[in-house]
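To start, the structure itself, in structure tokens.
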Amino acid sequence: MAKKVLSGIQPSGSLTLGNYIGAIKNFVKLQQEHECFFMVVDLHAITVAQDPAALRENSQSVAALYLAAGIDPKISSVYMQSHVPQHAELGWILTTLTAMGELERMTQFKDKSSGKDSVGAGLFVYPSLMAADILVYNADLVPVGEDQKQHLELTRDLAGRFNHRFGDFFTVPDPYIPEVGARIMSLDDAGKKMSKSNPNPGSYIALLDPPDVIRKKISRATTDSGREVVYDPANKPEISNLMSIYAECSGLSLQQIADQYEGQMYGGFKKNLGEVLVATLEPLQQRYHEIRSSGMLEDILAEGAERARSVASQTLTEVKERMGFLPYR
Ligand code: TYM
């Protein structure tokens, strides 16, 4: 049966291969069978300071990358989170149902706030807004990478809490986390996840990196001692990470890759991985530039937001009525 699917990505810098493999690739897959909502979460991005011009550019860039990767705006709603005010409204309501202790336990908050002199309150309540993003559509499935699992658990708890206090209403959503590729690691250190906020650009592949840069970054990626191409995350985390990337972008299984490179050294494997990535990203980049220059983005985002608002406003009406807010006309 068709389910409701929702997810989002922050427009806070260039998107990486981690975002693509952990999230966008699954968005494209899920839209064939389900009713999908894919947002650019600009309200989340401002939980850390954003330069206005950069926010504008990155917002358009993420939306164009969604489309370039194969999200079809005729069947999926693609829009800006800030164009649907019900997210912020339900976010506030859910914040009042969230305990400080729950937010203090969030590892993303701990990572992003550690060592900072001053931490914005928005960063702290970020997970309640994310819960609102999901619950406002009564989404069943949320495709995300491994790092968002804890936020999803809080969302499930908040849905249950609301239902318990105000009567069954919210769907308790399930995360949709890929088996391989849920956590693509940094190219210079397989102990850290690949992230657009890493100051070393050699640690990630940006989706818009030119082919030569992609080849170079892969050829310089750290490898483990030894020379065999085998998947063994505990003992060979670096090569296992590269094998996951290879598998996700080529369609081959980890075993097929291990068989193909049996008895060979890392060099040939890395060279081919560079080519696999270029073959995946070059057509995506071409479509991206076509979309950016076509001027079609604005209409697509307007249409997506309209569809999203019509669902979200019904939810808010019902939520507020259950909680005892007076209706207005
Ligand atoms: P964000 O913008 O950090 O990342 C977007 C998506 O990419 C996934 N991801 C990865 N997957 C595998 N390996 C990696 N190295 C990697 N890096 C990022 C993330 O898990 C995510 O799925 N809080 C969210 C945005 C959000 C959201 C939502 C998601 C706001 N509201 C509602 C789902 C539903 C975030 O910061 O993602």
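What you see is a predicted model, and the numbers here were worked out from it, not measured in a lab. Atoms within each ligand, like the ligands themselves, are counted from 1 in listed order. Just so it is clear, the values below take in all heavy atoms, side chains as well, and ignore hydrogens, waters and symmetry mates.
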- Hey, do the aromatic rings of Phe124 and Phe109 have their centres closer than 6.0 Å?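 Yes - the distance between ring centres of Phe124 and Phe109 falls below the 6.0 Å cut-off.
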- So, do Tyr266 and Tyr261 have ring centers that fall under 6.0 Å from each other?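 Tyr266 vs Tyr261: aromatic centres not under 6.0 Å.
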- Identity and distance of the protein heavy atom lying nearest atom 15 (N) of ligand 1: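 Answer for atom 15 (N) of ligand 1: Ile184 O, 2.7 Å.
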- Query: What residue and atom, counting heavy atoms only, is the protein's closest point to atom 12 (C) of ligand 1, and at what distance?
  - Reply: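 Going atom by atom, the protein heavy atom closest to atom 12 (C) of ligand 1 ends up being Ala182 O, 3.2 Å.
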- Do Arg161 and Glu102 meet the salt-bridge criterion of a basic N to acidic O distance under 4.0 Å?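 The answer is yes: the pair qualifies as a salt bridge.
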For ligand 1, find out whether one of its N or O atoms is nearer than 3.5 Å to an N or O atom of [X].
X	result
Gly18	yes
Gly8	no
Val41	no
Ser7	no
Asn19	yes
Gln148	yes
Lys193	no
Gln108	no
Ala23	no

- Message: Heavy-atom contact check, 4.0 Å cutoff: does Leu6 meet ligand 1?
- Response: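 So Leu6 counts as touching ligand 1.
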- For ligand 1, is Lys196 a contact, meaning one of its heavy atoms is under 4.0 Å away?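 For ligand 1, residue contact (heavy atoms, under 4.0 Å) with Lys196 is present.
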- Between Tyr137 and His87, is any side-chain donor less than 3.5 angstrom from a side-chain acceptor?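 There is such a pair (donor and acceptor under 3.5 Å, judged by atom type) between the side chains of Tyr137 and His87.
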- Between His87 and ligand 1, which part of the residue brings a heavy atom under 4.0 Å of the ligand: side chain, backbone, both or neither?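 None of His87 does.
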- Looking at Gly181, which atoms of ligand 1 are within less than 4.0 Å of one of its heavy atoms?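 Result: 12 (C).
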- Message: Please evaluate residues Ile24 and Ile9 with respect to the criterion side chain to side chain contact (heavy atoms under 4.5 Å, CB included), reporting the C-alpha separation (whole Å), side-chain torsions for both, the decisive distance (0.1 Å), and the verdict.
- Response: CA-CA 9 Å; Ile24 300 177; Ile9 296 185; 3.6 Å; yes
- Could you give me the CA-CA distance, side-chain angles and deciding distance for Arg215 and Glu275, then say whether salt bridge (Lys or Arg N to Asp or Glu O under 4.0 Å) is met? CA-CA 7 Å; Arg215 292 187 183 100; Glu275 295 313 318; 2.7 Å; yes
- Query: Is the side chain of Asp209 donor-acceptor paired with the backbone N or O of Ile214 at a distance under 3.5 Å, no angle test?
  - Reply: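 Not at all, since once roles are kept as given, no pair shorter than 3.5 Å links the two residues.
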